[in-house]
Amino acid sequence: MATIQWFPGHMSKARRQVQENLKFVDFVTVLADARLPLSSQNPMLSKIIGEKPRLLLLNKADLADSRYTKEWIAYFQEQGNHVVAVNSKEQAAAQKVTAAANKLMAEKLAKKHERGVEKESLRTMIIGIPNVGKSTLMNRLAGKKIATVGNRPGVTKGQQWLRTNKHLEILDTPGILWPKFDDEHTGLKMALTGAIKDSLLPMDDVTIFGINHFKTYYPERLAERFKGVNLEADAPEIIMDLTQKLGFRDDYDRFYDLFIREVRSGKLGTYTLDFVGADGYGND
Ligand code: G4P
């Protein structure tokens, strides 16, 4: 299977940009994908942000299997993290995130208050891998459409802050970190959710991975969506059969497109690809 290379130059630039901005914020808001709570986090995150308080948001919770999201929340909380599952496309996300931020910083704010220092608002920066929903969340928190925030590299001179309400300000440029690729399954999981460019991995590998995952964890969804599918068959056979059944003749690419699109959009139901304790494929 193809391996994905990240340019060390890009990584150190991304890291430097995040670290330069750390000094301006009270806490960091880390966005992970609720379907991939571990795989969608940067492997060096803790090193990069150090002791800075961290609010972990499991975004796209509407697309994830809520049973596993609960397990992940308990897992991260046990490790001392402040974590909330959100759907940034929903209005309610703003209130949820603001409340969690105030809770995270409550102690620090109380201490300042004791010393007579009244802090006007909390400042944060949003960081996460590409496509995890940083711009969507920023727009949601700021309550307006911010033009192409995600596409601007670096931070413009003089920090710009987005005021969300009287308690929270967000650095207007999100920190974009590279995703984690420590085994081939991580890459496939990322590709299946659309977290990485489609050109990075062969779509047949991604589809086979997806069919196997649904066959193992959500067989009823495959049976419901693809009537008559033989769940006893192996993934390549299932793909050949469904391509025929759907009338695509031998146009397998058309089936890959359809399957991946439906998985990503949630048409095959909610799902989770990372599991607490193991990745479900024999890797701890
Ligand atoms: P980024 O800045 O981190 O790169 O991510 P961005 O906000 O651009 O979001 C990437 C995609 O994820 C967008 O979809 C966005 O709508 C979607 N998204 C973000 N948060 C959520 C969420 O909580 N739930 C769901 N279901 N989707 C979310 P897109 O298809 O690229 O754009 P669009 O057609 O939705 O505008």
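Read the numbers this way: they start at 1 and go in the same order the structure lists the ligands and their atoms.
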Worksheet item: Among Arg264, Lys134, Lys89, which residue places a heavy atom closest to atom 3 (O) of ligand 1?
Response: Lys134
Discussion item. Does only the side chain of Leu63 get under 4.0 Å from ligand 1, or the backbone, or both, or neither? Count heavy atoms.
Written reply: side chain
Worksheet item: Salt bridge between Lys89 and Asp62, side-chain N to carboxylate O under 4.0 Å?
Response: no
Worksheet entry | Within reach of ligand 1, part of Asp62 (heavy-atom separation under 4.0 Å) | side chain
Discussion item. I want to check something: taking the side chain as every heavy atom from C-beta on, are Asp257 and Phe255 in contact at a cut-off of under 4.5 Å?
Written reply: no
Discussion item. For ligand 1 and Pro130, I'd like to know whether there is a polar contact (N/O to N/O, distance under 3.5 Å).
Written reply: no
Worksheet item: Looking at Asn87, which atoms of ligand 1 are within less than 4.0 Å of one of its heavy atoms?
Response: 22 (C), 23 (O), 24 (N)
Discussion item. Are there over 12 heavy-atom neighbours, none belonging to Lys23, within less than 6.0 Å of that residue's NZ?
Written reply: yes
Worksheet item: Do Arg123 and Asp172 sit within salt-bridge range, that is, some charged N less than 4.0 Å from a carboxylate O?
Response: no
Worksheet item: Just wondering, do Glu169 and Val25 contact through their side chains at under 4.5 Å, heavy atoms?
Response: no
Worksheet item: With only distance considered, is Gly133 within less than 3.5 Å of ligand 1 through an N or O on each side?
Response: yes
Worksheet entry | N-O pairing of Asp33 and Arg35 below 4.0 Å | yes
Response to the item:
The option among Asp33, Thr136, Val86 carrying the non-hydrogen atom nearest to atom 9 (O) of ligand 1 is Thr136
